[in-house]
2 protein chains.
Amino acid sequence: MAKFKLDEIDHQILDMLIENTRVPFTDIAKNLSISAGTIHVRVKKMEDAGIIKGSSLTLDYKKLGYSFIAYVGIFLQNTSQTKFVLERINEIPFVTVAHITTGKFNIFCKIRAKNTEHAKDIIFMLDDIEGVYRTETMISLEESLNDKKRLMHSIFNDM
Amino acid sequence: MAKFKLDEIDHQILDMLIENTRVPFTDIAKNLSISAGTIHVRVKKMEDAGIIKGSSLTLDYKKLGYSFIAYVGIFLQNTSQTKFVLERINEIPFVTVAHITTGKFNIFCKIRAKNTEHAKDIIFMLDDIEGVYRTETMISLEESLNDKKRLMHSIFNDM
DNA sequence: GGTGAAACTTCTAATAA
DNA sequence: TTATTAGAAGTTTCACC
């Protein structure tokens with residue numbers, strides 16, 4: 001996958017959009033002292049290049065009653081079942097992300113649940129998938145998300 | 001944390017905004033056959049309630065040259081150092097999320113790097129934090145993200 | 001590459017129902 | 001709570017640097 005070249009202006013545009021995707025292009029334009037038309041063209045270019053894949057809301061799942069997070073490591077009976085099991089896992093909506101991994105586990109996923117009771121149901125669903133040998137759960141007591149903007153700065157300064 | 005009540009209309013508004021935060025309110029209004037003003041009021045209400053915490057871009061990190069993902073489990077010498085170590089971890093921009101966990105590890109984090117060489121540097125940084133006893137790395141060979149919209153449907157239908 | 005202005009679209013807040 | 005409305009604001013295109 002080729003590395004796409006972003007210049008300082010692209011980077012500053014991304015910086016503002018990362019914080020708030022609905023910030024008006026006119027505001028970005030004022031901030032960077034360039035025209036709104038240019039912002040539009042550059043954002044479009046980054047979208048066309050696939051750098052910007054989309055945008056999404058950040059929701060407060062705790063307020064929605066989903067405050068339980070856990071990671072579940074999955075051991076398979078046989079690695080040939082990886083694809084099949086992964087597909088089954090992805091059918092469970094409360095699994096937010098799944099990885100095929102090297103190391104201890106064959107598959108590794110993150111779940112978001114209402115509470116321990118609900119998490120238990122989800123883990124049992126994972127255990128019940130054909131080909132799953134056993135699972136190992138790590139409950140998150142506290143999540144701390146890192147700043148996306150800071151990651152982008154690091155990426156950018158490395159280019 | 002109280003569970004916030006969303007009705008069917010709120011839910012459908014979120015559905016559209018989750019897919020694309022810049023979708024015009026007039027489009028949402030047309031889709032739901034209600035006025036754009038109402039969309040505006042409802043979105044504002046969800047923002048005020050903190051349900052919508054913000055919005056962010058989905059970027060293609062692979063295209064930016066960052067295709068390496070790994071999870072790192074951290075064992076501490078002493079759990080009293082948890083807060084201190086977590087703070088040091090959060091200073092590393094390539095750590096995208098960190099959790100205090102029960103189970104095998106004391107702290108568990110996800111890193112995003114350019115390649116194995118770069119990942120090695122990050123893991124060494126983690127190892128070098130005062131209070132870290134040892135780390136265990138799981139490399140992601142393939143990541144599959146679950147659909148946010150589907151999670152919201154499950155949450156919504158459960159209300 | 002970028003600008004600036006025109007034409008078009010969307011937002012937002014006040015008012016009314 | 002929702003709809004309407006109208007002025008303000010934002011987006012997008014395009015001729016021209």
Side-chain angles (χ1 to χ4, degrees), chain A residues 2-60 63-65 148-149 152-153 155-159, chain B residues 2-60 63-65 149 152-153 155-157 159:
Chain A
K3 208 162 129 177
F4 187 87
K5 275 284 172 199
L6 301 178
D7 67 12
E8 175 68 27
I9 294 170
D10 292 325
H11 177 235
Q12 293 192 81
I13 293 170
L14 286 181
D15 252 16
M16 293 192 71
L17 288 174
I18 280 170
E19 301 273 297
N20 172 16
T21 58
R22 286 189 85 99
V23 66
F25 289 180
T26 45
D27 281 11
I28 302 177
K30 256 176 256 163
N31 244 292
L32 307 185
S33 306
I34 51 179
S35 76
T38 302
I39 306 294
H40 177 245
V41 170
R42 278 175 177 263
V43 169
K44 190 149 190 0
K45 209 168 278 178
M46 288 190 279
E47 281 171 352
D48 291 346
I51 293 288
I52 298 175
K53 285 200 285 189
S55 59
S56 193
L57 293 182
T58 311
L59 299 171
D60 190 326
K63 291 213 170 118
L64 291 167
K148 216 169 185 174
K149 196 165 163 181
M152 279 308 289
H153 276 273
I155 291 178
F156 181 69
N157 290 323
D158 178 58
M159 285 170 146
Chain B
K3 210 162 130 177
F4 186 89
K5 275 286 171 198
L6 301 178
D7 68 11
E8 176 68 28
I9 294 171
D10 292 326
H11 178 235
Q12 293 191 81
I13 293 170
L14 286 180
D15 252 16
M16 292 191 73
L17 287 174
I18 279 170
E19 300 272 298
N20 172 17
T21 58
R22 287 189 84 98
V23 66
F25 288 1
T26 46
D27 282 11
I28 302 176
K30 255 176 258 163
N31 245 292
L32 307 185
S33 307
I34 51 178
S35 77
T38 302
I39 307 295
H40 176 242
V41 169
R42 280 173 175 264
V43 169
K44 191 149 186 2
K45 209 169 279 180
M46 289 190 278
E47 281 170 351
D48 291 346
I51 294 286
I52 298 176
K53 286 200 286 190
S55 59
S56 193
L57 294 181
T58 311
L59 299 171
D60 190 327
K63 292 215 170 117
L64 291 167
K149 197 164 161 180
M152 279 307 291
H153 276 273
I155 290 178
F156 181 70
N157 290 323
M159 286 169 144

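Just so you know, these numbers use all the heavy atoms, side chains as well, and skip hydrogens, waters and symmetry mates. Remember, it's a predicted structure, so these values are computed and weren't measured experimentally. Chain letters run A, B, ... following the sequence lines, proteins first, then strands; residues in each count from 1.
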**Q** Using whole Å, report how far CD1 of A:Ile34 lies from P of D:dT11.
**A**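 It works out to 14 Å between those atoms.
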
**Q** With a 4.0 Å cut-off on heavy atoms, is A:Lys45 in touch with a base, just the backbone sugar-phosphate, or nothing at all?
**A**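 Sugar-phosphate: the residue A:Lys45, judged by heavy atoms under 4.0 Å, touches backbone atoms but no base.
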
**Q** Are the side chains of A:Leu6 and B:Leu64 in touch, meaning some heavy atoms are under 4.5 Å apart?
**A**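 Sidechains of B:Leu64 and A:Leu6: in contact.
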
**Q** Please examine the side chains of A:Asp10 and A:Lys45, heavy atoms only from C-beta on, and report whether any two atoms are closer than 4.5 Å.
**A**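 In short, these two side chains do not touch, never coming nearer than 4.5 Å.
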
**Q** Quick one: on DNA chain D, does A:Gly37 or B:Asp7 contact a more 5' nucleotide (nearest heavy atom)?
**A**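 Result: B:Asp7.
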
**Q** Counting the atoms with a prime plus P, OP1 and OP2 as sugar-phosphate, which does B:Thr26 contact under 4.0 Å by heavy atoms, base, sugar-phosphate, or nothing?
**A**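 Sugar-phosphate, backbone atoms only, no base.
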
**Q** Taking it one step at a time, do B:Ser55 and B:Thr21 satisfy side-chain hydrogen bond (donor to acceptor under 3.5 Å, both in side chains)?
**A** CA-CA 7 Å; B:Ser55 59; B:Thr21 58; 4.9 Å; no

**Q** To the nearest angstrom, how far is B:Asp10 atom CG from D:dT1 atom C1'?
**A**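 B:Asp10 atom CG is separated from D:dT1 atom C1' by 12 Å.
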
**Q** Can you tell me the distance, in whole Å, between the NZ atom of B:Lys30 and the C1' atom of D:dA3?
**A**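 It works out to 17 Å between those atoms.
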
**Q** Rounded to whole Å, please give me the gap between CG in B:Asp27 and C1' in D:dT11.
**A**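 Whole-Å distance recorded here is 13 Å.
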
**Q** If you look at every strand shown and take non-hydrogen atoms under 4.0 Å, does A:Lys44 touch a base, only sugar-phosphate, or nothing?
**A**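 Touches nothing.
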
**Q** Counting only side-chain N and O atoms of B:Thr38, is one of them less than 4.0 Å from OP1 or OP2 of D:dA3?
**A**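 So the side chain of B:Thr38 is within the cut-off, an N or O lying under 4.0 Å from OP1 or OP2 of D:dA3.
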
**Q** Nearest 0.5 Å please: distance from the OG1 atom of B:Thr58 over to the CG atom of B:Asn20.
**A**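 Going from OG1 on B:Thr58 over to CG on B:Asn20, the span is 10.0 Å.
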
**Q** Tell me which one of B:Thr26, B:Leu17, B:Ile13 satisfies side chain to side chain contact (heavy atoms under 4.5 Å, CB included) with B:Ile39.
**A**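 For B:Ile39, the side chain to side chain contact (heavy atoms under 4.5 Å, CB included) test succeeds with only one of B:Thr26, B:Leu17, B:Ile13, which is B:Ile13.
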
**Q** Using five pairs at each end of the helix from C:dG1-D:dC17 to C:dA17-D:dT1 to define an axis, what is the angle between those two axes, to 10°?
**A**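 The value is 30°.
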
**Q** Charged N to carboxylate O below 4.0 Å: is that the case for A:Arg42 and A:Asp7?
**A**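 A:Asp7 and A:Arg42: salt-bridged.
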
**Q** Taking any atom under 4.0 angstrom from a heavy atom of chain B, which nucleotides of DNA chain C are the first and last to qualify, 5' to 3'?
**A**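 Range of nucleotides touched by chain B: C:dT10 to C:dA13.
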
**Q** With a 4.5 Å heavy-atom cut-off, do A:Val43 and A:Leu14 have their side chains touching?
**A**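 Sidechains of A:Leu14 and A:Val43: no contact.
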
**Q** Assuming nearest nucleotide by heavy-atom distance, tell me which of A:Arg22 and A:Ala36 is located more 5' along DNA chain C.
**A**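 Checking each residue's closest nucleotide, the 5'-ward one belongs to A:Ala36.
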
**Q** Could you tell me the separation between the NE2 atom of A:His153 and the CD1 atom of A:Ile155, rounded to the nearest 0.5 Å?
**A**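 Those atoms lie 11.0 Å apart.
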
**Q** Can you check the B:Ile9 CD1 to D:dT2 P distance for me, whole Å?
**A**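 Between P of D:dT2 and CD1 of B:Ile9: 6 Å.
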
**Q** Return no unless some side-chain N or O of B:Arg42 is found under 4.0 Å from OP1 or OP2 of D:dT2.
**A**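 B:Arg42 to D:dT2 OP1/OP2: side-chain N or O found under 4.0 Å.
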
**Q** Before giving the answer on side-chain contact (heavy atoms from CB on, under 4.5 Å), spell out for B:Lys53 and A:Leu57 the whole-Å C-alpha distance, their side-chain angles and the decisive distance to 0.1 Å.
**A** CA-CA 8 Å; B:Lys53 286 200 286 190; A:Leu57 293 182; over 6 Å; no

